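Have a look at the structure below before the remarks.
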Amino acid sequence: MRPRPRAPAVIAALLSIPALLAVSGAVALEQGDRRSGIAFASPQTQAMQADDTANPGMLWVMDGAQLWRRPDGAAGKACQECHGDAAQSMKGVAPRYPDFDAGLGRPVDLSGRINLCRVRHQRAAPLAHEGSEMLALTAFVAFQSRGLPMAPAADARLAPFRAEGRRLFEQRMGQLDLSCANCHDDHWSARLGGSPVTQAQPNAYPLYRLEWQALGSLQRRMRNCMAGVRAEPFAYDAADYIDLELYLAARAAGLPMETPGVRP
Amino acid sequence: MARTLIHAPKAARAGEIIEIRAMIAHPMETGQRMGVNGTMIPRAIINRFVCTYGGEVVFSADLHPAVSANPFLSFCVVATQSGVLAFAWTEDTGEVHVATTDITVT
């Protein structure tokens with residue numbers, strides 16, 4: 001049986017550590033130290049992720065497979081009509097996102113790319129952020145790359161956005177005045193309120209969090225963390241998330257994709 | 001939309017103990033949570049699960065509000081004859097979700 005959603009009890013514990021964190025500088029994660037979040041999870045959670053018949057994220061992947069074949073929009077086309085069999089055409093796509101979109105002149109993540117495809121080619125309304133259909137399609141596409149290493153796009157046009165992502169990652173924020181790096185670069189092997197801190201690796205998204213009892217995106221996870229340090233989360237469609245995702249993807253290069261992951 | 005995930009062997013030997021796993025996508029809303037403006041979110045759970053094998057009930061369970069979303073049940077049965085394994089999840093509203101899978105016993 002899995003736990004019900006509960007109030008973030010870790011916030012109280014966060015209060016006691018800023019003094020400790022203040023003395024250490026932000027050091028980016030060394031390649032050899034990179035560890036997926038699943039390495040910090042309990043054996044039970046690891047087993048749930050490893051077994052497709054027990055992994056609840058597979059429910060969304062199955063939904064996504066149906067959406068892939070469903071004609072939509074004014075063009076009346078399904079994803080499948082252009083892209084064919086996802087097992088071939090989508091293999092290796094998710095590990096390089098976020099990628100640059102020439103039309104927008106800035107990077108988009110996988111969900112953003114799906115919505116662009118809907119608007120430009122299917123002539124359909126974009127799917128809602130964090131809606132079940134968007135999560136299902138994103139999970140289905142990313143699932144095709146499960147096991148492949150994260151391979152961030154090498155496009156030079158991405159460099160300034162990735163640099164901005166790193167700046168945001170190292171930017172202190174919120175009433176607790178903590179940056180992402182304060183915990184996830186400097187103290188990832190420690191525990192906070194009984195839970196592992198982890199390295200904030202993005203290689204399993206969208207993933208099923210037992211606390212959420214649902215699939216959720218990397219952006220939802222980032223909003224959780226921002227609320228945790230008592231900062232106001234960025235707006236839902238803020239470009240800052242994409243910049244952060246870009247930096248996280250570069251920081252995770254080489255880790256295998258796990259979509260759909262399972263986390264506590 | 002696909003809402004259930006069944007894992008059961010397609011073939012088994014007579015007398016063999018087989019493991020069956022059944023998961024259904026469901027929010028399992030407890031009825032204890034507040035929504036916007038402090039209004040209660042009404043209870044909506046699956047309260048009964050039944051598995052039949054060749055028409056005979058081999059496993060059943062009563063589910064309660066503390067059961068998590070997307071309930072996952074795993075149990076074992078003895079393979080006796082070829083036939084249909086049927087799974088039924090009953091909602092509070094009386095609506096029943098059904099899934100079936102065939103098994104060949106040699």
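In the text below, chain A, chain B and the rest are named by the order of the sequence lines, each starting its count at 1. Since we're looking at a predicted model, the values are computed, not measured. Reckoned from all heavy atoms, side chains included, excluding hydrogens, waters and symmetry mates.
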Separation of B:N70 CG from A:M58 CE (nearest 0.5 Å): 13.5 Å
Inter-residue atom distance A:Q213.CD - B:H26.NE2, 0.5 Å rounding: 12.5 Å
Option passing side chain to side chain contact (heavy atoms under 4.5 Å, CB included) with B:L5 (candidates A:N55, A:D52, A:L59, A:V61): A:L59
Nearest heavy-atom neighbours spanning A:T53 and B:M23: O-CE, 3.8 Å
Per-residue contact mode, A:D51 against chain B (heavy atom under 4.5 angstrom): side chain
Residue B:I24 versus chain A: region with a heavy atom under 4.5 Å: backbone
Over 12 foreign heavy atoms within 6.0 Å of CD, A:E232: no
